[in-house]
K.L.:
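I'd like to ask some things about the structure below.
Numbering of residues begins at 1 and proceeds along the displayed sequence.
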Amino acid sequence: MPLIWPGGRGRNVLDSGCPYYNTYKTQDGQYMAVGALEPQFYAALIKGLDLEGAELPHQMELPKWGVLAASFQEKFESKTQAEWVEIFGKLDACVTPVLSFDEAAAHPHNKERGMFIDVPDGIPEPSPSPKLSANPSDPSTKIPKLGEHTESILKSLGYDEDETARLLKEEVVRLSFKSLYTIVYYTFHINYYILLLNYTYIIYKYIA
């Protein structure tokens with residue numbers, strides 16, 4: 001793949017070395033992402049940047065990619081991100097805004113496609129993909145509390161109320177966060193002592 005990876009880090013097509021596959025800072029300190037690899041997208045990029053007719057290096061002239069990148073950066077810094085979104089929204093150039101997570105969740109395209117799920121008392125989460133029209137997903141956003149289903153699980157396994165009460169009383173099972181804390185606490189200490197014994201054995205063998 002000599003064309004894709006012709007040089008070291010930061011000098012290749014897909015690792016920021018390519019001027020038309022990179023991100024550029026805008027006038028307001030935001031960024032635009034450019035992925036115009038194919039000739040038709042590159043032509044649309046040049047049109048959107050109003051560089052048609054300008055004396056630019058050829059798209060595939062690798063030794064002059066730095067010159068091309070500088071020209072693109074100068075252009076992108078002349079307008080705000082919103083202005084570039086308006087321009088490239090009318091062109092098929094593979095040029096899009098770089099958004100924060102909150103901005104991505106609120107973006108009209110993502111909302112129309114249902115790309116995020118609103119979680120009660122939490123932050124939005126990406127929804128399952130791909131989107132299937134015949135079998136649409138319906139993920140539950142209700143997050144169970146630790147131990148919430150302990151009793152119902154025991155019932156499904158055949159335990160009656162008296163047996164369940166006994167198991168809870170004897171702390172064989174629990175309904176609280178304490179059970180998880182206990183598991184983590186003892187797991188950590190058991191692993192710690194195993195590691196300590198291993199090091200002791202290694203030191204003993206080395207000295208012996």
Side-chain angles (χ1 to χ4, degrees), residues 4-5 9-52 54 56 59 65-149 152 176-177 180-181 184:
I4 301 298
W5 302 105
R9 179 182 297 178
R11 297 171 56 194
N12 308 289
V13 175
L14 303 179
D15 68 348
S16 77
C18 177
Y20 41 91
Y21 199 86
N22 207 341
T23 57
Y24 291 93
K25 193 172 184 178
T26 58
Q27 189 181 72
D28 55 344
Q30 301 300 310
Y31 287 84
M32 295 294 291
V34 176
L37 291 177
E38 291 82 351
Q40 67 273 24
F41 300 137
Y42 182 78
L45 167 65
I46 296 301
K47 181 179 180 179
L49 292 175
D50 195 24
L51 286 172
E52 291 179 304
L56 297 174
Q59 178 185 1
W65 269 0
V67 175
L68 200 56
S71 298
F72 291 172
Q73 183 60 72
E74 183 179 0
K75 275 291 184 179
F76 275 111
E77 288 183 342
S78 68
K79 298 181 187 297
T80 65
Q81 185 190 70
E83 290 174 314
W84 287 120
V85 168
E86 178 69 20
I87 291 170
F88 283 105
K90 302 172 183 177
L91 298 169
D92 190 8
C94 295
V95 179
T96 56
V98 177
L99 304 176
S100 67
F101 185 88
D102 291 338
E103 289 172 333
H107 194 277
H109 175 79
N110 291 332
K111 292 182 75 69
E112 176 68 23
R113 294 284 295 151
M115 298 303 295
F116 290 85
I117 303 171
D118 291 326
V119 179
D121 302 321
I123 62 174
E125 296 181 1
S127 65
S129 294
K131 305 297 181 186
L132 304 176
S133 58
N135 297 286
S137 62
D138 185 24
S140 172
T141 58
K142 184 179 182 298
I143 302 175
K145 296 179 181 178
L146 187 66
E148 179 179 338
H149 301 109
S152 62
S176 68
F177 181 79
L180 178 61
Y181 171 81
V184 173

K.L.:
Under 3.5 Å, is there a donor-acceptor pair between the side chain of N22 and the main chain of S16?
P.N.:
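Yes, because the side chain of N22 sits within donor-acceptor range (under 3.5 Å) of the backbone of S16.
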K.L.:
In a table with atom names and distances, give each donor-acceptor pair under 3.5 Å that connects a side chain of residues 108-119 to protein atoms at least two apart or in another chain.
P.N.:
| unit_1 | atom_1 | unit_2 | atom_2 | d |
| --- | --- | --- | --- | --- |
| N110 | ND2 | A104 | O | 2.7 |

K.L.:
Once you measure the plane-to-plane angle for F76 and Y24, does it fall in the parallel (<30°), tilted (30-60°) or perpendicular (>60°) bin?
P.N.:
parallel
K.L.:
Step by step, work out the side-chain contact (heavy atoms from CB on, under 4.5 Å) result for V34 and F72.
P.N.:
CA-CA 10 Å; V34 176; F72 291 172; 6.0 Å; no
K.L.:
Within a reach of under 6.0 Å around NZ of K131, are more than 12 heavy atoms found that belong to other residues, nucleotides or ligands?
P.N.:
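Yes, NZ of K131 has more than 12 neighbouring heavy atoms, counting only those of other groups under 6.0 Å.
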K.L.:
Measuring from E38:CD to D92:CG, what's the distance to the nearest 0.5 Å?
P.N.:
10.0 Å
K.L.:
Taking the side chain as every heavy atom from C-beta outward, state whether N12 and Y21 have any pair of such atoms under 4.5 Å apart.
P.N.:
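N12 vs Y21: side chains apart.
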K.L.:
Indicate the atoms forming the closest heavy-atom contact of P19 with L68, along with that distance.
P.N.:
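Looking at all heavy atoms of both residues, the shortest contact is CG-CD2, 3.6 Å.
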K.L.:
Tell me the closest heavy-atom pair linking C18 and L37, and the distance in Å.
P.N.:
SG-CD2, 4.4 Å
K.L.:
Determine whether L91 and F41 make a side-chain contact, defined as any pair of heavy atoms from C-beta on separated by less than 4.5 Å.
P.N.:
no
K.L.:
Would you say the side-chain atoms of Q59 pair up with the backbone N or O of A43, donor to acceptor, closer than 3.5 Å?
P.N.:
no
K.L.:
If I take atom CG from residue D102 and atom CD1 from residue I123, how far apart are they, to the nearest 0.5 angstrom?
P.N.:
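The CG atom of D102 sits 8.0 Å away from the CD1 atom of I123.
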K.L.:
Mind checking the CE-OG1 spacing from M32 to T80? Nearest 0.5 Å is all I need.
P.N.:
9.5 Å
K.L.:
Can a donor-acceptor pair be found, under 3.5 Å and without considering hydrogens, that links the side chain of Q30 to the backbone of V98?
P.N.:
no
K.L.:
Heavy atoms only: give me the nearest K75-D50 pair and the separation to one decimal.
P.N.:
NZ-O, 3.9 Å
K.L.:
Around E103, counting heavy atoms of other residues, nucleotides and ligands shown, do more than 12 lie under 6.0 Å from its CD?
P.N.:
yes
K.L.:
Test your reading of the model: is there a side-chain donor-acceptor pair from N135 to the backbone of L132, 3.5 Å cut-off?
P.N.:
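No, the answer is negative, given that no donor and acceptor are paired below the 3.5 Å cut-off.
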K.L.:
Would you check, one step at a time, whether the test side-chain contact (heavy atoms from CB on, under 4.5 Å) holds for F88 with T96?
P.N.:
CA-CA 7 Å; F88 283 105; T96 56; over 6 Å; no
K.L.:
Apply the test side-chain contact (heavy atoms from CB on, under 4.5 Å) to residues L49 and W84: give CA-CA distance (whole Å), side-chain angles for both, the deciding distance (0.1 Å), then the verdict.
P.N.:
CA-CA 9 Å; L49 292 175; W84 287 120; 3.8 Å; yes
